[in-house]
**Student:** 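The structure is given below, and queries will be raised subsequently.
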2 protein chains.
Amino acid sequence: MTDRKYHHGDLKHALVAAGLAILEVDGLPGLSLRACAARVGVSHAAPKNHFGSLKGLITAIAAEGFARHAAFMRDGLTEGASRRDRLRAAMLGYTRFAAAHPHLFELMFSPNYPDFSDETLRRNAADSYSVLRDISTGLDWDKAAGPDGQVKTEMMLWSLAHGYALLAMSGQFSPGGATKAPAFPIDQVMPEFGYRE
Amino acid sequence: MTDRKYHHGDLKHALVAAGLAILEVDGLPGLSLRACAARVGVSHAAPKNHFGSLKGLITAIAAEGFARHAAFMRDGLTEGASRRDRLRAAMLGYTRFAAAHPHLFELMFSPNYPDFSDETLRRNAADSYSVLRDISTGLDWDKAAGPDGQVKTEMMLWSLAHGYALLAMSGQFSPGGATKAPAFPIDQVMPEFGYRE
DNA sequence: TCTCCATATTGACGATGTAAACTTATCTGC
DNA sequence: GCAGATAAGTTTACATCGTCAATATGGAGA
């Protein structure tokens with residue numbers, strides 16, 4: 001059992017971890033199959049056996065990203081808090097995740113990179129979406145009338161969080177420079193709702 | 001004066017036009033310096049003289065994209081209509097542009113590709129933003145109190161439009177498939193405002 | 001122990017962005 | 001009108017990337 005085995009043992013997870021680490025440091029342009037393989041200490045063609053192509057690896061990374069995204073949002077939700085506070089906490093979690101991991105966030109929602117028909121990716125993305133969905137049930141606002149009010153409320157909250165996250169990320173809310181934080185966090189840019197407890 | 005001149009004459013604009021055309025057909029992955037050069041009928045290194053690098057060409061394409069984006073939004077704004085209608089028209093214009101030119105829209109807001117410190121890009125983006133800004137002045141809603149109410153209103157509207165556009169574009173609002181249109185257009189997912197005419 | 005097969009390696013190919021050296025046409029000053 | 005300067009395009013070359021085919025390795029089951 002040498003330090004450098006021919007069979008890695010858990011190359012699949014190791015490559016995803018390497019990809020996540022590369023994203024944090026070099027961003028999307030630095031993410032390549034060869035770079036991930038090199039970081040794990042494996043030949044450049046090894047990833048092909050586990051993920052068919054670059055798209056496959058990126059899809060796996062995106063799936064892991066959605067899992068972390070959901071966990072990030074759930075982190076601020078203490079069960080006892082009011083509905084109002086929990087909704088705000090989830091929205092803040094959404095945007096804070098994007099600010100903390102901008103490149104991963106961009107990869108997750110980039111129409112080109114991941115394969116959105118992948119089963120685990122769909123499941124993790126749906127789970128992440130369900131955090132906002134669960135909290136937004138029964139919110140009262142002017143568009144929430146009729147059988148589609150729930151869907152419309154979800155669409156609005158998700159759009160708001162997603163748009164804010166991306167625009168803040170690309171520096172559009174801070175004309176002085178992309179590194180500066182936006183003037184107001186998202187909970188100061190949300191409409192008020194009536195909360196049926 | 002042959003048909004095939006050594007000096008193209010207007011290569012800079014021709015390359016941007018070629019890039020836009022390639023985007024419509026092949027999307028972002030098909031956009032490359034060499035592909036644009038080939039489409040114009042010029043050697044693969046010719047673009048280097050006008051744009052320093054791929055980032056330079058992409059920045060020019062994004063700037064043109066913002067100009068078209070602003071025009072798209074302004075198209076629905078008839079001067080006589082009510083403020084309420086104009087706001088809705090601008091929001092619909094925002095999302096419809098993204099639906100009509102998804103790859104260009106993605107390029108415009110991708111944090112990696114364009115150089116957001118470029119002067120014309122900043123100017124065109126600011127002009128595009130000003131369409132929403134102008135319409136949203138003086139809207140009454142619960143967060144619009146105080147000296148920052150105007151900024152918060154702009155941030156909310158922009159975030160809402162942008163998030164909706166991106167999520168709809170990547171098929172997140174239509175679980176059946178990315179090609180299907182979302183169930184509700186954005187004007188049915190917006191909060192109501194008080195309008196000070 | 002022997003065989004099968006998933007796993008990893010090596011080498012190669014075409015495509016891409018970029019750089020440097022070179023060529024061609026247009027412009028400028030006389 | 002002409003000669004040098006300069007802008008605009010070409011050619012060649014190189015490193016890197018994703019992908020493929022052929023090969024090597026070692027563990028699992030008989």
Side-chain angles (χ1 to χ4, degrees), chain A residues 1-23 25-62 103 106-107 110-115 118, chain B residues 1-19 21-23 25-62 103 107 110-115 118:
Chain A
M1 185 174 3
T2 64
D3 190 42
R4 179 77 160 67
K5 299 187 299 183
Y6 191 96
H7 285 73
H8 181 279
D10 197 16
L11 184 55
K12 194 161 190 175
H13 292 106
L15 285 172
V16 171
L20 288 165
I22 289 175
L23 271 182
V25 178
D26 301 321
L28 253 180
L31 183 66
S32 70
L33 278 178
R34 291 172 115 102
C36 290
R39 176 176 254 265
V40 176
V42 109
S43 87
H44 68 267
K48 178 111 194 211
N49 295 314
H50 299 276
F51 318 95
S53 64
L54 175 61
K55 204 182 191 72
L57 173 58
I58 284 179
T59 300
I61 294 176
H103 302 112
E106 189 197 353
L107 180 145
S110 181
N112 289 315
Y113 291 117
D115 174 18
D118 178 77
Chain B
M1 185 171 6
T2 65
D3 191 41
R4 179 79 162 67
K5 299 186 298 183
Y6 191 97
H7 284 73
H8 182 279
D10 198 15
L11 184 54
K12 195 162 189 174
H13 293 107
L15 285 171
V16 171
I22 290 175
L23 271 183
V25 179
D26 301 322
L28 254 179
L31 182 66
S32 71
L33 278 178
R34 291 171 115 102
C36 291
R39 176 175 253 265
V40 177
V42 109
S43 88
H44 68 267
K48 178 114 194 210
N49 295 314
H50 298 276
F51 319 94
S53 63
L54 175 62
K55 203 182 191 74
L57 173 58
I58 284 179
T59 300
I61 294 175
H103 303 113
L107 180 144
S110 183
N112 289 313
Y113 291 116
D115 174 17
D118 178 76

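Chain letters run A, B, ... following the sequence lines, proteins first and then strands; every chain starts at 1. For clarity, every value in this text was computed on a predicted model and none was experimentally measured.
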**Student:** Find the distance Phe51(A):CZ to dG18(D):C1' and express it as a whole number of Å.
**Tutor:**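 In whole Å, dG18(D) C1' and Phe51(A) CZ are 15 Å from each other.
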
**Student:** Working to the nearest 0.5 Å, report the span between CG of Asn112(A) and NE2 of His103(B).
**Tutor:** 6.0 Å

**Student:** Rounded to whole Å, please give me the gap between CG in Leu57(A) and P in dG18(D).
**Tutor:**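 It is 9 Å, rounded to the nearest whole Å.
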
**Student:** Provide the closest heavy-atom pair for Cys36(B) versus Leu31(B) in the form atom of the first, atom of the second, distance.
**Tutor:**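 Closest pair (atom of Cys36(B), atom of Leu31(B), distance): SG-CD1, 3.8 Å.
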
**Student:** Is Lys48(B) close enough to dG9(D) that one of its side-chain N or O atoms is under 4.0 Å from OP1 or OP2 there?
**Tutor:**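 For dG9(D), OP1/OP2 do not have a side-chain N/O of Lys48(B) under 4.0 Å.
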
**Student:** On DNA chain D, compare the nucleotides closest to Arg34(B) and Leu11(B); which residue's is nearer the 5' end?
**Tutor:** Leu11(B)

**Student:** Rounded to the nearest Å, what distance is computed from the CG atom of residue Leu33(B) to the C1' atom of nucleotide dG9(D)?
**Tutor:** 15 Å

**Student:** In whole angstrom, give the distance that lies between atom CG of Leu28(B) and atom P of dT16(C).
**Tutor:** 15 Å

**Student:** Is the charged tip of Lys12(B) near the ring of Phe51(B): under 6.0 Å from the six-membered ring centre and within 45° of its axis?
**Tutor:** yes

**Student:** In whole angstrom, give the distance that lies between atom CG of Leu54(B) and atom C1' of dT16(C).
**Tutor:** 9 Å

**Student:** Send over the distance from Leu31(A) CG to dT16(D) P, rounded to a whole Å.
**Tutor:**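 It works out to 17 Å between those atoms.
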
**Student:** What about His44(B), does its side chain sit under 3.5 Å from the base of dT12(D) through a donor-acceptor pair?
**Tutor:**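 By the distance-only test, yes, there is a pair.
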
**Student:** Donor-acceptor pair, distance only, cut-off 3.5 Å: does the side chain of Thr59(A) make one with the backbone of Pro114(A)?
**Tutor:** no

**Student:** Could you state the atom-to-atom distance from CG of Asn49(B) to C1' of dA19(C) in whole Å?
**Tutor:** 12 Å

**Student:** Quick one: pull up CG in Asn49(B) and CG in Leu11(B) and give me the separation to the nearest 0.5 Å.
**Tutor:** 8.5 Å

**Student:** Once you round it to whole Å, what is the distance between C1' of dG9(D) and CG of Asp10(B)?
**Tutor:** 15 Å

**Student:** Among dA8(C), dC20(D), dG18(D), find the nucleotide with the atom closest to the side chain of Ala45(A).
**Tutor:**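 Selected nucleotide: dC20(D).
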
**Student:** Would you mind telling me which of dA8(C), dC17(D), dT11(D) lies closest to the side-chain atoms of Ser43(B)?
**Tutor:** dT11(D)

**Student:** Taking for each residue the nucleotide of DNA chain C bearing the nearest heavy atom, is the 5' side occupied by His50(A) or by Gly30(B)?
**Tutor:**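 The answer here is His50(A).
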
